[in-house]
Amino acid sequence: MSKETARIIRYFRSCYEADNRELGVHNFFGSKISSRYFLEGKDELSNGHMPMTPVSYDKAEGAKQSLLLFKKEKQLIYGFIFLVGYEKATAFNSRPQRVCAPLLLYPANLQLEKEEAYLSVDKGKKRLNPAALEVLRNELGLTMPTIERIEHLLESDTIDFPEFSALYRSFEGISNLKSDKLLLYPELTGQAQIKRLYSSAFVKSGGYVIVASSAYGVVSRSVDTRGVLNELEFLSRSKQFSAPLKSMYQLGKADQSFDAYQEGFVPVTLSQPQKKLLATARQFHTNILIGPPGTGKSFTLAALALEYMSKGKSVLIACKTDQAVDVLETKMLDLLEGREITVRGGRRVYDRQLKKRLQFLLQGIIQENDLENELLDQAEFRMKRIRRDISNLTKRLKRDIDVELDWGRKLSQESDGIFDQLKRKYIQWRTGKRTPQWELLQRLLISKELKNHEARELLKLRFDQRIRKALYDYRSEFADLLSAIKARSSSKKDALFEEIDFQLVLSVFPIWLVKVQDVSSILPMERELFDLLIIDEGTQCDLATTIPLMQRAKQVVVAGDPAQLRHVSFLSDVRQHRLFVRSGLNDADFSEQFEYRDKSLLDVALLKARSA
């Protein structure tokens, strides 16, 4: 099962990598690439004639130093077969943008020995450059079947003259693309020759030239994509998975035992469907909340998070967009009348806010406070009494309604006999002695308002107590957390995170809000770190990015609206199936739960619910 699990996660990682346009290289001469070096002479690397090729030592030394300093932030790539031209001006770019996009990208490695340097590439992990495919589609008008033929042509581990000849024939007939320089292979077009192409009349008039050229460079990877890819790679080597992940993707048998339901409290009156979600959230590994805008979905999710917090539990809330995260954060602020108890993580501005909060807390003198403990005890006593009153009033109101309905049925069936007259007088006498229903209802509504007020105050008092106790007992852990957040290097950040007991951190900050792609930059990859994960905008979330999120939770609530905006994938069906098979999975086992291209997280969660 562990091998099968690793293959499934590698498959989703491959889909995400192939699909993500942020991983593409649009212009090898642009600021995204540093320490670039174009190879000269004859190619002996891409065709497999040599396992490595010599390169300039001085250039390679600078690239190697940059890579050692930023192991996760940067990577060495090798580009092969370049599209050269100018992208048309758009509303976002008033002037044509230079294009120097390799068709193929390989992970590369530099080996330095004494005064010599050698470049090698991982041919098994080469991929098509999404930026180059976008140019072929949008600028040159190639159809999807043509692009898929090119993909198939370049799938071979080694690219030699027969592939170049076939590639040349594939581009024949495209008036604004010159491909004759491909026939010069294995001679490589150098950097100076490529730069001269930009001055040619053909390229200046909007044409493109495709050349047999190769180069390496250091690329700064997107924080979002780097985090997702690194965590998926880590999970593919893992042997233990969270219960929601096991359940969703059949990665082994999920533990079906759940903690006994413990009722929490929230500072708001909930409807019966909302109460049902709160009650069932701990009875299943994955729960689903569906609702279009305006139906109270965000309000319900905010209430669910606070209810978990009231029970001493931790909650991670993740959304596809900052706007959706803002909505949920605002809902919780409103419920607590502006009291900030959540942590917003992931982006630089939010990291600054967290740093300030930690610095403020660490600067204070924390000591035992008998008065605060007494206030908390009093608040908990009042809460118990009010909840008992609400329960008694609700039961009494229901009982009185049932009795009066029964009396109404009896009165409707009576005649004018002496016995019936006595019965009517008895009912009138009993009715006069009873508390009117409107009065009971008014008392119930007042009690609920009191409950909401006490719940709000109790949540604040418990939050303050958690902070005081944790900082009193474990001050050094929070100083380490502050250092980890301040760390600029990912390797230093990871090392500091490994030293922190994050359960202690969650005892002070139980609710975290992040964008789906940002979680790796702020939270450690720890199995079932959070008691609950809430993923909003489930239709906009692809399957790959949510796998690391689900690993961090004991239980998951996926929310969304199937009729709303869906995640967009540029991955073709053909490419998707090839990646499935290449990952070592049986093509016959391909099912809807592996449809990275067409299925969102909410779609797969609904499929699992229906099959269950």
Side-chain angles (χ1 to χ4, degrees), residues 24-29 33 36-56 59 76-85 98-109 118-133 135-136 139-140 142 146-200 202-203 207-217:
V25 177
H26 191 265
N27 180 14
F28 220 83
F29 293 113
I33 305 290
R36 73 184 64 83
Y37 180 81
F38 279 80
L39 279 66
E40 305 278 352
K42 289 187 177 182
D43 175 44
E44 293 184 313
L45 191 61
S46 308
N47 54 22
H49 291 185
M50 296 291 288
M52 58 180 66
T53 191
V55 293
S56 164
K59 291 280 188 180
L76 188 72
I77 59 169
Y78 171 78
F80 189 47
I81 312 175
F82 282 73
L83 271 171
V84 180
R98 182 178 285 192
V99 175
C100 184
L103 272 185
L104 291 171
L105 294 171
Y106 300 71
N109 182 54
Y118 297 92
L119 173 73
S120 61
V121 299
D122 188 341
K123 299 182 181 68
K125 290 187 178 179
K126 78 169 184 295
R127 59 186 175 86
L128 287 160
N129 179 13
L133 294 181
V135 171
L136 291 175
E139 297 287 312
L140 298 172
L142 268 66
T146 303
I147 291 175
E148 286 177 356
R149 283 200 302 272
I150 293 170
E151 288 181 4
H152 182 64
L153 185 66
L154 298 175
E155 270 194 336
S156 173
D157 284 346
T158 57
I159 310 295
D160 213 332
F161 188 79
E163 285 76 24
F164 271 87
S165 180
L167 194 61
Y168 167 76
R169 291 193 298 273
S170 297
F171 290 131
E172 277 187 314
I174 302 174
S175 59
N176 55 342
L177 175 67
K178 283 187 176 181
S179 58
D180 54 305
K181 291 187 180 294
L182 293 175
L183 299 178
L184 298 175
Y185 185 82
E187 285 292 330
L188 295 172
T189 302
Q191 178 173 318
Q193 294 170 285
I194 289 176
K195 288 189 172 181
R196 282 198 294 270
L197 289 173
Y198 291 109
S199 303
S200 68
F202 178 73
V203 171
Y208 280 82
V209 180
I210 187 165
V211 296
S213 185
S214 62
Y216 75 76

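Hydrogens, waters and symmetry mates are skipped; everything else that's a heavy atom, side chains included, is used. The first residue of the sequence shown is numbered 1, and numbering continues consecutively from there.
- Residues Ser214 and Leu39 meet the side-chain proximity criterion, which asks for heavy atoms closer than 4.5 Å.
- Rounding to the nearest 0.5 Å places CD of Glu172 at 11.0 Å from CG of Leu177.
- Tyr185 is linked by a ring-ring contact (aromatic ring centres under 6.0 Å, His included) to Phe164, counting only residues two or more places apart in sequence or in another chain.
- Using a 4.5 Å cut-off on side-chain heavy atoms (C-beta onward), Val211 and Leu184 make no contact.
- One distance of note links OG of Ser175 with CG of Leu140; it measures 9.0 Å at 0.5 Å rounding.
- Side-chain contact between Ile150 and Leu142 is present, with heavy atoms from C-beta onward closer than 4.5 Å.
- Here CG of Leu119 is found 14.5 Å from NZ of Lys59. Values are rounded to the nearest 0.5 Å.
- With hydrogens and angles ignored, the 3.5 Å screen pairs a side-chain donor or acceptor of Glu163 with a backbone N or O of Asp160.
- Remark: Tyr118 engages no residue in a ring-ring contact (aromatic ring centres under 6.0 Å, His included) (not counting sequence neighbours).
- Residues Ile81 and Pro102 form no side-chain contact, since every pair of their non-hydrogen atoms from C-beta on lies 4.5 Å or further apart.
- At least one side-chain heavy atom of Val55 sits under 4.5 Å from a side-chain heavy atom of Tyr216.
- Note: Cys100 SG to His26 NE2 = 10.5 Å, rounded to the nearest 0.5 Å.
- Residues passing the side-chain contact (heavy atoms from CB on, under 4.5 Å) test with Ser200, sequence neighbours excluded: Phe202, Val203.
- How far OG of Ser120 is from CG of Leu76: 9.0 Å, rounded to the nearest 0.5 Å.
- Under the rule for a side-chain contact (heavy atoms from CB on, under 4.5 Å), Glu40 has no partner lying at least two apart in sequence or in another chain.
- Environment of NZ in Lys123: crowded, with over 12 heavy atoms of neighbouring residues, nucleotides or ligands closer than 6.0 Å.
- Looking only at distances, no side-chain donor or acceptor of Asn129 sits under 3.5 Å from a matching main-chain atom of Leu104.
- Here the side chain of Thr158 pairs no donor or acceptor atom with the backbone of Gly48 at under 3.5 angstrom.
- Applying the side-chain contact (heavy atoms from CB on, under 4.5 Å) test to Arg36 and every residue at least two apart in sequence or in another chain returns Phe28, Phe29, Ile33, Phe38.
- Checking His49 against Asp43 by side-chain atom types alone, no donor-acceptor pair falls below 3.5 Å.
- For Ser179, the side-chain contact (heavy atoms from CB on, under 4.5 Å) partners two or more places apart in sequence, or in a different chain, are Tyr168, Phe171, Leu182, Ile210.
- Within the 4.5 Å cutoff, the side chain of Leu103 has heavy atoms near those of the Leu136 side chain.
- A side-chain N or O of Ser46 and one of Tyr78 form a donor-acceptor pair less than 3.5 Å apart.
- Among all heavy-atom pairs drawn from Leu45 and Met52, the shortest one is CD1-CA, 3.8 Å.
- At a threshold of 4.5 Å between non-hydrogen side-chain atoms, the residues Tyr208 and Val84 do not count as touching.
- Residues Lys126 and Val121 have side chains not in contact (no heavy-atom distance under 4.5 Å, counting atoms from C-beta outward).
- Counted within 6.0 Å of NZ on Lys178, heavy atoms from surrounding residues, nucleotides or ligands total 12 or fewer; the atom is thus considered open.
- Interatomic distance, CZ of Phe82 versus CD1 of Ile194, reported as 6.0 Å (0.5 Å rounding).
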